[in-house]
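Below, chain A is the first sequence line, B the second, and so on; all start at residue 1.
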Amino acid sequence: MARARRPLDDYRGKRDFGRTPEPAGGAGPSSAGATRFVVHRHEARNLHYDLRLEHEGALLSFAVPKGFSDRPADKRLAVRTEDHPLEYLTFAGRIPEGEYGAGAMTVWDEGTVRWLPDDDAAAALREGELKLLLDGRRLRGEWHLVRTKPDERHWLLFKSKDRYVGPGRDAARRVDLSAAPRAPLPKRVRRAEPAETVAPFTDPERLYELDLDGRRVLVETDLPPDGPATRGATAARIGGGPRGASSREASAARGASSREASAARGATGVRFRGLRGGRAALAPVVDALALLRARRALLDGVLVVQGPDDRPDRALLDEVLAGRASGDLLLYLFDVLHDDGLDLRPLPLRDRKAVLRDMLPEDPGPLLFLDHVVGAGEELARATAAAGLPGLVAKRADAPWRGGPTDDWSRVRVPSADATSRGSVRERLRLDADARPAPRVSNPDKLLWPEDGVTKQDLVDWYAGVADVLLPYLADRPVHMDRRPDGIHGKAFYQRHVTESLPDLLATVEIAGRDDPAPKPHFVCGDVASLLALANLASIDLHPWHSRVGSLESPDWAVIDLDPKGAPFAHVVRLAKDVGRLLRGIGLRPLLKTSGKTGLHVYVPLAEGYGYETVRMFCEAVARLVARSRPEIATVERSLAARGGRVYVDFGQNRRGATVVPPYVPRPVPGATVSAPLAWDELETDLTPADFTIRTMPDRLAERGDLFAPLLTDRQELEPALARLEEVVRDG
DNA sequence: GCACAGC
DNA sequence: GCTGTGCGAGTAACA
DNA sequence: TGTTAC
Ligand SMILES: [Mn+2]
Ligand SMILES: [Mn+2]
């Protein structure tokens, strides 16, 4: 997009400023000081991130659909979009439906940018290669944008190799640092201490850490922007070796200001506040710290040496630091107070620890993240005692950092164990904090039942909860979907065939139609994962066949559907009683459930081998018999007009490829009602199908169990019933 | 939900 | 990018 | 053959 003569014409042309809260842009604030950038998180039809760079009085904008990756190997598409006015630097708000870019726009990152190498943006744009040095709350270090040949608007965005490279592929997972004030790294802080020592206790608001026996240290770093050229630079230098040539070149390539800063840094850029000496022993720790994913950091931790029994040994530590003994130092880190110009002390501890975890290099060497257990204090205390470790520190997860003795921390004494129990320090530090393999739900907050506040996530949760009881009724059956991507009031579409774009974890079976002999793939839902995948497709209910793969021509049950379509439910109840009485009268044991909407379904589980035609004829006889005996409230007429307010006794679904919803599926009607199996003695006129909903069914299921279970076990012969049915027909 | 064409 | 659009079933009874 | 209902 070549810049127009009036650069914001494009921007203004797309927007109606009477409707959108976005700034029209006028006399933009003149650029003073550092060049700014902003990244908006834009929940438009498709979530994406908009990178906007201040340039010649406007914001040069790129949309990045897949967000930012810390790995240089991940190239992300960035599409050049129209320039935005400078006022957009601080814009956040909701663009109304119908406007350009409708959806929530939030500031995801902001900070300053320098265009490398010479801060010459115009030249870089001409060449189609931008190198940006970002100093934001989330995006740091050098990023690279390269224009693609095939499409001038398309660029590739990727991380340049520097200390900020990391394993993260997903921008969305980064910790939100918007609450951290910008401030210089504090010169002096009092170290935080537990105010009291207490017995083990359990508190879900606490993070429990091991209280390690070592030397508490506060680590301050002032590192160069690039990582060191090689690992082990400090160890080599202390050993008398020269500085690597490549490292010198990298240093020379940096700007003058960087060289000046480097003069002010200590030799290594790492200071251990309040720790004298031990330089040689600390060299591997310093080398590891040189790889931190931050230049300026203030970290809290404890230096430890493992004794012969693997437990921290304070006496040995002192000897090692004094150079009188050899041993490998470990630095356990448990807090971060400052991160590249951001004062993290106001943030909750759990966020600070997340930042710290993210800050450690991929190859941390002797640096360890002191992990925690959430809530389970007494349990961890027992494990700690068993490992022969001295105790725990319980810290309030929500507390900001406070120096000196603080009530936010409590030291927890654990009873000392006998010396025979042992355990390695590393082994005992198991992380449990956030391991949850949850399948991704797209649009989890989409209201599927808007009146009931039931979301797509709720639907998926419902299916996860009933999977055990529902899956047997789906096993091996082709299943159709009635998809409602826009909720129960939105446009629906029915889907029988697997198309290219659907999740490939779904099992399929090729089935030919009656006239169309070309087999088409149908869904088969055999496990929780595929059940949840169907729910994620906004398939509110499911529509399995009555027959299974391998015997597709042979239904496993007969079904009669009582459909009121406006008729009183009391009539449905009376007819269901009739159907039940008739079926029992000819020796069958029928099952009953609500349809989940306004009707009732009566099932008879069948022995193997009956064809659809036989079953349909049987149901037709039953339906006609019942309808004839109550002509004022029942009909077998298919035509809506001919029904005249009577209940439709539908036997026509006993057909290959036809479906009736199984028990335990929710229906796309207000109330989020569920198809609910009933005991026959529940069939009274005060029965209210609307009582069985996504919210009430779990309790009912727990109390009554699966009332439909006989469907799969109580399989019945039709011949005797057919014989007796003929008698009934003859005798009236 | 997604792919496509068009801007 | 962003928007708009189209696409996603099959059968059988009956007029 | 198109329409209607599931
Ligand atoms: Mn956008
Ligand atoms: Mn029905």
Determine the contact category for [X]: base if any of its heavy atoms lies under 4.0 Å from a base atom, sugar-phosphate if only primed atoms, P, OP1 or OP2 are that close, otherwise nothing.
X: A:N654; value: nothing
X: A:K597; value: nothing
X: A:H42; value: sugar-phosphate
X: A:R643; value: sugar-phosphate

Worksheet item: Less than 4.0 Å between a side-chain N and a carboxylate O, is that true for A:K159 and A:D70?
Response: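 Result for this pair is no, no salt bridge flagged.
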Measure from [atom1] on [X] to [atom2] on [N] and round the result to the nearest Å.
X: A:W545; N: D:dC6; atom1: CH2; atom2: C1'; value: 15 Å
X: A:L47; N: B:dG1; atom1: CG; atom2: P; value: 14 Å
X: A:H154; N: C:dG1; atom1: NE2; atom2: P; value: 7 Å
X: A:R76; N: C:dG1; atom1: CZ; atom2: P; value: 13 Å
X: A:H543; N: D:dC6; atom1: NE2; atom2: P; value: 13 Å
X: A:R484; N: B:dG1; atom1: CZ; atom2: P; value: 15 Å
X: A:R80; N: C:dG1; atom1: CZ; atom2: C1'; value: 12 Å
X: A:H546; N: D:dC6; atom1: NE2; atom2: C1'; value: 11 Å

Parallel, tilted or perpendicular, judged at 30° and 60°: which one describes the rings of [X] and [Y]?
X: A:H480; Y: A:H522; value: tilted
X: A:W143; Y: A:F68; value: perpendicular
X: A:Y612; Y: A:H546; value: tilted

Discussion item. Whether A:S442 contacts B:dG1 is assessed here as follows: a side-chain N or O lying under 4.0 Å from the phosphate OP1 or OP2. Is that the case?
Written reply: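 Looking at the OP1 and OP2 atoms of B:dG1, one of them is under 4.0 Å from a side-chain N or O of A:S442.
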Worksheet item: Just by protein heavy atoms under 4.0 Å, how would nucleotides 3-12 of chain C read 5' to 3' in B, S and -?
Response: BBB--BBSSS
Considering residues, nucleotides and ligands other than [X], do more than 12 of their heavy atoms fall under 6.0 Å from its [atom1]?
X: A:E632; atom1: CD; value: yes
X: A:R71; atom1: CZ; value: yes
X: A:R19; atom1: CZ; value: yes

Discussion item. Taking the minimum atom-to-atom distance to the side chain of A:A63, which one of C:dG1, B:dG1, D:dA5 wins?
Written reply: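 Looking only at heavy atoms from C-beta outward on A:A63, the closest nucleotide is C:dG1.
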List every contact pair, protein side and nucleotides 5-7 of chain B side both N or O, where the distance is under 3.5 Å.
none

Worksheet entry | Same-atom distance (C1') from B:dC4 to C:dG8, integer angstrom |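 Nearest-Å result for B:dC4 against C:dG8 at atom C1': 15 Å.
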Worksheet item: Considering only the P atoms, how many Å lie between D:dA5 and C:dA9, rounded to the nearest integer?
Response: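 One P to the other, the span is 22 Å.
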Worksheet item: Are any side-chain N or O atoms of A:K597 and backbone N or O atoms of A:T594, one a donor and one an acceptor, separated by less than 3.5 Å?
Response: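 Checked: no pair found.
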Item to complete: Using side chain to side chain donor-acceptor pair (under 3.5 Å) as the criterion, list what pairs up with A:D486, not counting sequence neighbours.
Response: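 Here no residue qualifies.
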Discussion item. To check you understand the geometry: which heavy-atom pair defines the closest contact between A:T659 and A:Q653, and what is its length?
Written reply: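 The answer is O-OE1, 3.5 Å.
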